[in-house]
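The structure appears below as C-alpha cells.
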Protein chains: 2
Amino acid sequence: MKQRTMIDQKPDKITITDIARMCGVGVTTVSRAMNNHPDISEETKAMIMQVIRDNHYVPNNSARNLKRSASKTIAVLIKGITNPFFNHMIKVFEKEIQKNKYSFILHRVDENQDEVEVAIELEKEKRLKGIVFLGGQFSHANEKFKQITVPFILSTGGVTSEVGSENYSSVSVDDFKESYKMVDYLCGLGHRKIAIITSPPDHVDVGTLRFEGYLKALEDHGITFREEWAWYMREDIEGFSMDNGYAVTKHRLSANPDVTAIFAVADSLAIGACKAIFEDGKRVPEDYSVAGYDGLDISFYYNPSLTTIRQPVEEMAEETIRILFDMIHKKVKHTHRIFPAELLARASTRPLL
Amino acid sequence: MKQRTMIDQKPDKITITDIARMCGVGVTTVSRAMNNHPDISEETKAMIMQVIRDNHYVPNNSARNLKRSASKTIAVLIKGITNPFFNHMIKVFEKEIQKNKYSFILHRVDENQDEVEVAIELEKEKRLKGIVFLGGQFSHANEKFKQITVPFILSTGGVTSEVGSENYSSVSVDDFKESYKMVDYLCGLGHRKIAIITSPPDHVDVGTLRFEGYLKALEDHGITFREEWAWYMREDIEGFSMDNGYAVTKHRLSANPDVTAIFAVADSLAIGACKAIFEDGKRVPEDYSVAGYDGLDISFYYNPSLTTIRQPVEEMAEETIRILFDMIHKKVKHTHRIFPAELLARASTRPLL
DNA sequence: TTGTACGCGTTATCAT
DNA sequence: ATGATAACGCGTACAA
C-alpha cells in the first residue's frame with residue numbers, strides 16, 4: 001500500500017524491482033503478470049498491471065533480450081529504403097509473420113554497411129529466429145553466411161559470383177531471362193536499334209544480369225550490339241532513380257538519333273527517360289518506344305502507361321516467409337525458388353512501322 | 001569454474017570472457033580494446049583485435065545497451081514506410097546526425113502501434129539521446145509526451161487538438177495556408193467548381209487541415225462549397241495512394257461533370273486522378289485541371305507535370321536535426337519552426353476559358 | 001501461488 | 001597499463 005507518491009524526478013529509472021516493492025510482491029510475480037504467465041492469480045495480476053500503468057513502467061528491452069533465450073522474432077533487413085518496389089513486399093512479410101505468431105522487425109541497413117555483418121549482430125542482440133535479406137547483392141558473402149546460425153533467405157536479391165547455393169535459400173526472378181524476354185519483345189515489334197539504361201559495367205547489381213539478357217536477345221535476333229547503345233547510369237546521382245534516367249537520356253538522346261527503342265532496367269529510369277524525351281519535343285511511343293522493369297504501381301499510372309516486366313511481388317513475399325518457416329521448423333534445409341515474371345505490354349511501346 | 005567444456009557447437013555463444021581467456025588477459029582489457037579506450041597499449045590491443053577477428057566474435061548489443069549509461073544515438077521513428085516523401089528527409093537525417101558524430105537508428109512503427117509508446121520503450125532500450133518523429137499525427141499524446149525524458153521533435157507531423165506547444169518542438173509547413181494558396185491559385189485561374197480529394201471527415205490527419213484551407217479559399221472567393229465536391233478517399237484502400245485517387249476519381253468523375261478542377265491533397269492521389277480522367281477519354285489540363293500537394297519527384301516527371309505545393313524537405317530535415325541538437329546541448333528548450341512551401345505552377349492546370 | 005537468488009554479457013569503478 | 005568485481009534490469013530454476 002505504500003505507493004510511491006509524487007515528486008517523481010526520474011520516472012524513467014523505475015524498474016521491475018520498484019514495481020514489486022510497490023505492490024508488495026516479488027519480482028517473479030511482476031514478471032509473470034507482464035508476460036501472461038499461467039501461474040498467477042487473476043487479482044494479483046490485475047493489481048500489478050494497474051500499478052504498472054499508474055507509474056508508466058516500461059520494461060527495458062535490452063535486459064529482456066539479454067536474458068531471454070529465444071524470442072520468436074524474424075528480422076527483415078533492407079538496404080536503403082528508397083525502393084518502392086519493396087513496399088508491397090514488406091507489408092506481406094508483416095502479415096505473414098504475424099500470422100505465424102512471430103514478431104517482425106524491419107531493420108534498415110545503411111548504404112555503406114555490410115548487411116551480413118549487421119545480421120550477425122542483430123541475431124545475437126534480438127535472439128532472432130530467422131532473417132530475410134530483402135534485395136541487395138551478395139558477392140563474397142560465403143564466409144560470413146556461415147556465421148549466421150539461424151535460417152535466412154535472400155529475397156529478390158542477387159547472388160553474383162560463386163557463393164555455394166547450398167548455403168542459403170533464395171526467392172527471385174530470373175533477371176537474365178526476363179530481361180531477354182523484354183528485349184525479344186521489342187525486337188519482335190521491329191525495333192533493331194535499342195538502347196539500354198543500366199548500371200555502369202563495373203557495378204555488380206541487378207543491372208548486370210539484365211544487361212546480359214539484353215545482349216543475348218540482340219544476338220539471337222542477329223543484331224550487332226553497339227557500345228553507344230549502352231547508356232550507363234551516372235554515378236553522381238542516386239542509382240535507379242528517375243533523376244538518373246532523366247539525366248542519362250537527356251545526355252544521350254541527341255547523340256543517338258537513330259535509336260527507336262529504350263529499355264530501362266527499372267521503371268523509375270524509364271520514367272526519367274520519358275521526361276527527357278518529352279522535353280526534346282518527342283513523343284512516347286510515337287518517336288521512341290520505352291520499356292521498364294519491375295512493374296511498380298506507377299508504371300500503370302504513368303502516361304503513357306509503361307510496358308514493363310512485372311515481378312509477382314506478393315507471391316514472392318509470401319513464398320519467402322513460407323520457406324523461412326519451413327527452415328525454422330526444420331522441415332527443410334534450404335530452397336531456391338525462381339518466379340516467372342510477366343511482360344505487360346502497354347502504351348509506351350509500339351510496333352515499328 | 002563450470003566453464004563450458006562440452007563440444008562447442010554454438011560458435012555464436014562466444015563471449016567477451018572467452019576472448020579474454022584466449023588472450024590471457026582480463027575482460028576489462030578486451031572491452032578497452034574494442035571501445036578504443038585510451039588506457040591500453042597498442043600491442044595488446046592489436047593482439048586482442050586479431051583474436052576477435054579470428055574467432056568472429058561479435059559483442060552482444062543488448063548487454064552493451066543494458067550496461068552503457070549513454071550512447072550518442074538518435075532514433076527516427078516513422079509510421080509505415082510507404083511515403084516516398086520521407087525518403088529525402090531520411091537521407092538528410094542520416095547525414096546530419098553522422099556529422100554530429102552520433103549514430104542513427106531508423107525505426108519503423110507499425111500502422112496500429114502508438115509511436116509515442118514505441119519511443120518510450122526505445123529510449124530505454126537504446127539509451128537514446130534524442131528522438132525524431134517523422135510524420136504521423138499526435139492528437140492526445142500530451143500525457144505520453146511527458147514520459148519521454150530526452151529531447152524530441154515532430155518533423156512534418158501534425159498536432160491536432162490541444163497539445164500544449166510548450167511540450168515539444170516541431171518542424172512543419174502550414175498545411176492550412178499552403179492548401180489555401182493552391183485553391184486560391186485555382187480560383188485565380190477562373191475555376192469555381194473545384195473538387196478536393198482528401199481524407200474522410202472523421203479522420204485526423206494532414207488531410208483535415210488541407211481541407212479547411214480549401215474551404216476557406218472557396219469562401220474568400222465567394223464560392224459556396226458543395227458537399228458533392230468533397231471526394232473522400234476510400235477506407236478499404238491504402239490512404240494517400242495512387243490507387244485510392246484512381247478509385248475515387250473513377251467513381252466520382254462522371255457524377256460531377258461540371259467540375260473543372262480537382263485538388264488532391266497528395267501528389268499520389270493526383271496521379272491516380274489523372275489516370276482515371278484519361279481512361280474517361282478526357283485530358284489534363286484541357287478538360288480538367290489537376291493539382292497535387294507535396295512536390296514529390298514524380299510530380300515533375302509525370303506527364304503532364306503536376307502543379308503542386310512543394311515542401312522544402314531538405315531544409316526541413318536539416319532544421320529538424322539542428323533543433324534537436326540544440327535541445328540536446330541544452331541551448332534551447334523547445335522550438336517551433338514553420339517553413340513556407342512553394343506553389344509550383346506546372347502543366348496539369350490551366351486557366352479556364 | 002509466490003518469493004529468493006542467480007546469471008545473461010557487457011561496461012564502469014576501483015584497485016594494483 | 002591491467003585486472004577483479006560490482007552493477008545494468010530482467011527472467012527463471014528452485015525453494016517455500
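Reminder, nothing fancy here: chain letters follow the sequence lines and each chain counts from 1.
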Do the charged groups of Lys124(B) and Glu121(B) touch, with an N to O distance under 4.0 Å?
no

Could you give the CD1-to-P distance, from Ile48(B) to dT2(D), as a whole number of Å?
8 Å

In terms of side-chain geometry, is the basic nitrogen of Glu238(B) or Lys91(A) positioned less than 4.0 Å from the acidic oxygen of its partner?
yes

To the nearest angstrom, how far is Glu125(B) atom CD from dG9(D) atom P?
14 Å

Need one value for Asn60(A): base, sugar-phosphate or nothing, where a base atom within 4.0 Å counts as base even if backbone is also close, heavy atoms only.
sugar-phosphate

Which part of the nucleic acid does Ser62(A) contact within heavy-atom distance under 4.0 Å: base, sugar-phosphate only, or nothing?
nothing

Salt bridge between Glu125(A) and Lys126(B), side-chain N to carboxylate O under 4.0 Å?
yes

Mind calculating the distance between CZ (Arg127(B)) and P (dT10(C)) to the nearest angstrom?
16 Å

Distance check needed: dG9(D) P versus Lys124(B) NZ, whole Å only.
10 Å

Rounding to an integer number of Å, can you tell me how far Lys126(B) NZ sits from dG9(D) P?
17 Å

Sugar-phosphate atoms are those with a prime plus P, OP1 and OP2; base atoms are the rest. Using that split, label each nucleotide of nucleotides 11-16 of chain D B, S or - for protein heavy atoms under 4.0 Å, 5' to 3'.
BBB---

Can you find a pair of side-chain heavy atoms, one from Leu154(B) and one from Val171(B), that are under 4.5 Å apart?
no

Lys/Arg-Asp/Glu bridge criterion (N-O < 4.0 Å) met for Asp114(A), Lys144(A)
yes

Please determine if a side-chain N or O atom of Thr44(B) lies less than 4.0 Å away from the OP1 or OP2 oxygen of dT2(D).
yes

Look at all strands and tell whether Ile40(A) reaches a base, only sugar-phosphate, or nothing, counting heavy atoms closer than 4.0 Å.
sugar-phosphate

Grab the NZ-C1' distance between Lys45(B) and dT2(D) for me, whole Å please.
15 Å

How many angstroms lie between CE in Met49(B) and OG1 in Thr44(B), if you round to the nearest 0.5 Å?
11.5 Å

